[in-house]
Amino acid sequence: MNLDAMTQTARALVAPGKGILAADESGPTIAKRLAGIGVESTEQTRQAYREILFTTAGIGDAISGVILFDETLRQQAADGTPFPEVLRRRDVIPGIKVDGGTKPLAGFPDEVITEGLDGLRDRLTEYAALGARFAKWRAVLRIGDGCPTTTCIEAHAHALARYAALAQEAGLVPIVEPEVLMDGSHDIARCAEVTVMTLRAVYAELARHRVVLEATLLKPNMVLPGKDCPVQVSDDEIADATVAALRQTVPAAVPGIVFLSGGQTDEQATSRLDALNRRGPQPWELSFSFGRALQAPVLKAWAGDDGNRAAAQAALLHRAHLNGAARHGMYTADMEGVRV
Ligand code: 13P
């Protein structure tokens, strides 16, 4: 375990003005995204789409790291360069999703647990050899009647801590991702309560498992009202509630918090990240690790047609730069129409 190198990597991932691109969709999820633009998901189309993302000129100016899926970590660009090397040459740090996705939590029909701890030590060693420098594990918590239960929160916290300790043992910076979903009709106060409960449990377990917080990143949800809640609130209220929840729970030793977008539109995610960064200095960097909120405009521009490659890459760069501006609290909606 080289803690200095891992701590440096964690800090580089949240360098000012930059953030992470989550391109680690599993087979079924990428199939859904590609189906949305009328493209069949095959190994070839997945490679072609991800090559467009990773070979974007200037990507390293606004993207610090990319989270890859197992298949993608092993794929190459058309010229034979392995994807991790394609990224490194552009000053982008390759990372890897290491969880095995969610399965129903036995005995708790409305809740899920994340699988993938068995064999994880060996997979992490292999991923490090393939060039990954950081890892991600996603826990999913749903708000509903009687949900999430303490059992579910504790099971996720335990799995996240086991994963994070193993990742550090292999020299990979663990991104710890407890996602409280925005599905449902709950209000923002309930999301805040569940987010605080979850983060408390997660940091207690990380401490028990001797995870070195300086060499980790947190990837949480923003504190939002449920998608179907009749009372929607302003970006400033969201930023206040989110900062309050994080300040109560996330130790100052954590170098950065990289939000997921979780189904917000790309403009909402950027605007709220901006509001978060306008709240003044915090103990940690407040950055992004967006999947959908970075890729939605790219998929739309590409539409499976190689002739649209340049337009797709321009869309990625534009979105990444807008999020980079939001990291400084300098994003405004009128920048949406202005291409850099
Ligand atoms: P979204 O930003 O689309 O929520 O994806 C981020 C992610 O990596 C979820 O695990």
Side-chain angles (χ1 to χ4, degrees), residues 13-14 19-34 36-37 49-50 53 62-73 92-103 112-116 132 134-143 156 159-160 163-164 167 173-184 191 195 198 202 216-224 226-227 238 242 256-273 276 286-300 315-316 319-320 322-323 326-327:
L13 286 168
V14 292
I20 297 170
L21 165 64
D24 60 330
E25 297 83 2
S26 61
T29 305
I30 190 68
K32 197 158 73 181
R33 303 272 186 271
L34 292 175
I37 54 164
Y49 170 59
R50 279 148 171 170
L53 296 176
I63 297 294
S64 55
V66 175
I67 316 175
L68 304 169
F69 185 58
D70 182 283
E71 174 188 78
T72 322
L73 186 72
V92 175
I93 305 172
I96 178 77
K97 182 230 289 294
V98 303
D99 66 69
T102 59
K103 284 279 158 56
V112 295
I113 187 67
T114 305
E115 296 202 325
F134 68 101
K136 179 194 110 168
W137 177 290
R138 174 171 175 254
V140 182
L141 295 127
R142 193 177 74 78
I143 298 180
H156 275 304
L160 280 166
Y163 139 76
V173 172
I175 295 187
V176 173
E177 181 181 5
E179 174 174 8
V180 177
L181 296 175
M182 62 188 278
D183 300 341
C191 178
T195 302
T198 302
V202 167
T216 66
L217 294 173
L218 174 69
K219 176 163 174 168
N221 52 285
M222 295 181 193
V223 174
L224 303 167
K227 246 185 349 213
I238 287 167
T242 303
I257 296 177
V258 295
F259 294 97
L260 57 93
S261 60
Q264 303 177 72
T265 66
D266 37 9
E267 293 183 22
Q268 281 173 334
T270 306
S271 166
R272 290 162 180 175
L273 179 65
L276 279 155
L286 293 179
S287 187
F288 59 94
S289 173
F290 294 158
R292 282 162 284 181
L294 277 169
Q295 292 187 57
V298 186
L299 282 163
K300 199 167 145 212
L316 174 63
R319 205 69 245 153
L322 294 177
N323 286 307
R327 288 229 31 214

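It should be emphasised that the depicted structure is a prediction, and the values quoted were computed from it without experimental measurement. Along the sequence shown, residues carry numbers from 1. The basis for the numbers below is simple: all heavy atoms, side chains too, and nothing from hydrogens, waters or symmetry mates. One-based numbering, in listed order, for ligands and for the atoms of each.
The Ser261 neighbourhood of ligand 1 comprises atoms 1 (P), 2 (O), 3 (O), 4 (O), with distances under 4.0 Å to a heavy atom of that residue. Those atoms of ligand 1 with a heavy atom of Lys219 less than 4.0 angstrom away are 6 (C), 7 (C), 8 (O). Within ligand 1, counting atoms from 1 as listed, the ones closer than 4.0 Å to a heavy atom of Gly262 are 1 (P), 2 (O), 4 (O). Those atoms of ligand 1 with a heavy atom of Phe290 less than 4.0 angstrom away are 2 (O). Taking a cut-off of under 4.0 Å to the non-hydrogen atoms of Ser289, the atoms of ligand 1 that pass are 6 (C).
Judged by distance alone, with hydrogens and angles left aside, the side-chain atoms of Tyr163 form no donor-acceptor pair with the main-chain N or O of Val176 at under 3.5 Å. Remark: side-chain polar atoms of Ser261 are not paired, donor with acceptor, to backbone N or O of Gln264 under 3.5 angstrom. Counting only distance, with no hydrogens or angles, the side chain of Lys97 and the backbone of Asp24 share a donor-acceptor pair below 3.5 Å. For the pair Asn221 (side chain) and Val180 (backbone), a donor-acceptor distance under 3.5 Å is present. Using modelled atom types, one side-chain atom of His156 and one backbone atom of Val112 make a donor-acceptor pair closer than 3.5 Å. Distance alone, capped at 3.5 Å, is enough to place a donor-acceptor pair between the Thr242 side chain and the Val223 backbone.
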Margin query: Using the rule given for salt bridge (charged side-chain N to carboxylate O under 4.0 Å, His left out), can you reason through Glu267 versus Arg272, listing the C-alpha separation, both sets of side-chain angles and the distance that settles it, and then say yes or no?
Written below: CA-CA 9 Å; Glu267 293 183 22; Arg272 290 162 180 175; over 6 Å; no
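Here the protein heavy atom with the shortest distance to atom 5 (O) of ligand 1 is Gly291 N, 3.5 Å. In this structure, atom 9 (C) of ligand 1 lies nearest to the protein heavy atom Glu177 OE2, 3.2 Å.
Ligand 1 has Lys136 within reach: a non-hydrogen atom of the residue lies less than 4.0 Å from it.
Proximity of Arg292 to ligand 1, defined as any heavy-atom pair under 4.0 Å, is shared by backbone and side chain alike.
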